[in-house]
Student: 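Okay, here's the structure, questions in a sec.
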Number of protein chains: 2
Amino acid sequence: MDAVDEKILDVLRVDGRASFSAIGRQVGLSTNAIAARVRRMEKSGVIVGYRVVLAADGPESTAGLEAFIDVRLDPAEDSEAFLAWARLVPEIRDAVHVTGAYDYLLHIGVRDTAALDRLLRSLKKQGGAAHTQTRLALR
Amino acid sequence: MDAVDEKILDVLRVDGRASFSAIGRQVGLSTNAIAARVRRMEKSGVIVGYRVVLAADGPESTAGLEAFIDVRLDPAEDSEAFLAWARLVPEIRDAVHVTGAYDYLLHIGVRDTAALDRLLRSLKKQGGAAHTQTRLALR
DNA sequence: ATCTTCTCGTCTACGGCATCCATGCAGATG
DNA sequence: CATCTGCATGGATGCCGTAGACGAGAAGAT
């Protein structure tokens with residue numbers, strides 16, 4: 001993580017699909033050097049992933065519904081894998097491993113109850129949640 | 001925005017750098033068809049952009065101890081008064097009125113367990129909490 | 001029914017991009 | 001001094017993205 005890596009991240013923050021050669025032109029390095037650096041940051045965990053930003057379900061923009069979801073994972077599910085998955089779901093603002101009867105506490109923002117329903121389904125199907133409990137925010 | 005577009009977005013939500021041909025393989029369309037659909041969604045504003053997701057962007061990295069406290073208020077306690085009190089306590093990052101068995105969910109950050117103990121005491125004495133349940137964050 | 005037109009897909013060709021491998025070059029280490 | 005390691009470049013190769021030509025199906029007018 002040096003100044004060049006920061007420059008690369010600056011580019012990727014604005015355009016997550018920027019090609020390695022385009023990044024290279026901006027920071028003054030070859031395509032290969034950029035690819036190697038990005039690979040390294042992906043492996044070391046600095047870069048968690050990439051995601052599309054949508055107008056429809058941005059966390060703040062149209063979050064009509066805010067909620068907290070307690071999640072108990074399936075015993076077979078890997079905790080790290082769940083966290084990695086959760087970070088890539090735009091509706092999930094934050095996911096925290098906590099003590100108590102449940103494993104994770106999720107802070108989420110969705111547009112409506114239909115979106116909440118979809119999120120809960122994918123939590124069980126793709127996230128590996130064995131049991132969930134949802135509490136709506138009433139702010 | 002039909003079912004195919006949704007499928008494309010599902011892929012891009014998980015991997016914002018997925019190639020058009022890779023998406024095409026998953027949804028059963030040609031590279032060209034995917035590119036055209038993505039272009040259309042970008043132009044129409046459904047897709048705002050693409051961002052890299054960094055590990056360092058978490059809201060964390062501050063206090064030594066982070067926790068979530070479920071609070072059930074004394075029936076005599078006024079909800080608004082509790083909120084007003086909570087806002088003045090620096091350790092309380094956020095207080096949200098929620099549905100469920102408890103009234104409020106507090107997100108707090110303290111230096112150590114001693115500070116947590118002090119906070120819990122004042123919650124009951126000055127905050128008017130009838131019952132609390134604390135879950136430590138394990139990040 | 002036929003023709004027009006619009007939409008949305010595939011197929012093909014070509015230029016650009018990513019990847020693999022070889023290489024050069026500094027600085028640290030024996 | 002020799003060598004190892006990290007990090008860059010440059011070239012070869014194959015995949016990806018783009019653009020244009022073309023076909024299939026739906027809707028509407030004559």
Side-chain angles (χ1 to χ4, degrees), chain A residues 1-58 61-62 78 80-81 83-91 111-112 114-115 118 121-122 125-126, chain B residues 1-58 61:
Chain A
M1 281 298 298
D2 56 4
V4 178
D5 283 338
E6 283 295 342
K7 271 180 159 183
I8 294 174
L9 293 182
D10 282 341
V11 176
L12 286 175
R13 264 189 271 259
V14 176
D15 179 12
R17 283 181 77 89
S19 72
F20 292 155
S21 41
I23 299 172
R25 264 173 253 127
Q26 291 193 48
V27 307
L29 262 78
S30 71
T31 304
N32 282 344
I34 301 297
R37 282 171 173 271
V38 170
R39 290 282 122 75
R40 186 166 47 74
M41 287 192 280
E42 286 172 351
K43 264 204 155 180
S44 74
V46 176
I47 291 177
V48 176
Y50 306 87
R51 75 175 172 210
V52 62
V53 181
L54 302 177
D57 55 18
S61 60
T62 56
D78 178 29
E80 285 302 318
L83 254 189
W85 173 83
R87 261 197 252 273
L88 292 174
V89 178
E91 285 91 349
R111 212 179 53 204
D112 49 31
R118 261 182 274 123
R121 285 175 196 278
S122 75
K125 210 159 76 177
Q126 297 168 49
Chain B
M1 281 299 298
D2 56 4
V4 178
D5 283 339
E6 283 295 342
K7 271 180 158 183
I8 294 174
L9 293 182
D10 280 342
V11 176
L12 286 176
R13 265 189 269 259
V14 175
D15 179 11
R17 285 181 77 89
S19 71
F20 292 156
S21 39
I23 300 172
R25 261 173 258 129
Q26 291 194 46
V27 307
L29 262 80
S30 71
T31 305
N32 261 352
I34 301 297
R37 281 172 175 270
V38 170
R39 291 280 124 73
R40 186 166 47 72
M41 288 192 280
E42 287 172 350
K43 263 205 156 181
S44 73
V46 176
I47 291 177
V48 176
Y50 306 86
R51 304 259 174 78
V52 62
V53 182
L54 302 178
D57 281 354
S61 72

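Since the model is a prediction, treat every value here as computed from it, not as a measurement. The chains referred to below are lettered A, B, ... by the order of the sequence lines, with proteins before strands, and numbering in each begins at 1.
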Student: Using the test salt bridge (Lys or Arg N to Asp or Glu O under 4.0 Å), find all partners of E6(A) that sit at least two apart in sequence or belong to another chain.
Tutor: R13(A)
Student: Going from CG on D15(B) to CG on L88(A), what distance comes out if it is rounded to the nearest 0.5 angstrom?
Tutor: 8.5 Å
Student: Can you name the atoms? Protein N/O to nucleotides 4-7 of chain D N/O, anything below 3.5 Å, with the distance.
Tutor:
none

Student: Encode nucleotides 15-24 of chain C as B, S and - characters from 5' to 3', where the letter depends on protein heavy atoms closer than 4.0 Å: B to the base, S only to sugar-phosphate, - to neither.
Tutor: --SSBB----
Student: Under the side chain to side chain contact (heavy atoms under 4.5 Å, CB included) test, which residues partner V11(B), sequence neighbours left out?
Tutor: A18(B), I23(B), Q26(B)
Student: Among residues at least two apart in sequence or on other chains, which ones pass side chain to side chain contact (heavy atoms under 4.5 Å, CB included) with V14(A)?
Tutor: none
Student: Charged N to carboxylate O under 4.0 angstrom, R37(B) versus D2(B)?
Tutor: yes
Student: Could you go through nucleotides 23-27 of chain D and list every protein N or O atom that sits under 3.5 Å from one of its N or O atoms, giving the distance for each pair?
Tutor:
none

Student: Could you pull out all residues at least two apart from R39(A) that satisfy side chain to side chain contact (heavy atoms under 4.5 Å, CB included)?
Tutor: F20(A), E42(A)
Student: List in chain and number order the residues that pass side-chain hydrogen bond (donor to acceptor under 3.5 Å, both in side chains) with S21(A), two or more places apart in sequence or in another chain; answer none if no residue qualifies.
Tutor: S19(A)
Student: Of all residues at least two apart in sequence or in a different chain, which pass the salt bridge (Lys or Arg N to Asp or Glu O under 4.0 Å) check with R25(A)?
Tutor: none
Student: Going by side chain to side chain contact (heavy atoms under 4.5 Å, CB included), name the residues that satisfy it together with R87(A), two or more places apart in sequence or in a different chain.
Tutor: V48(A), L83(A)
Student: Under the salt bridge (Lys or Arg N to Asp or Glu O under 4.0 Å) test, which residues partner R40(B), sequence neighbours left out?
Tutor: D5(B)
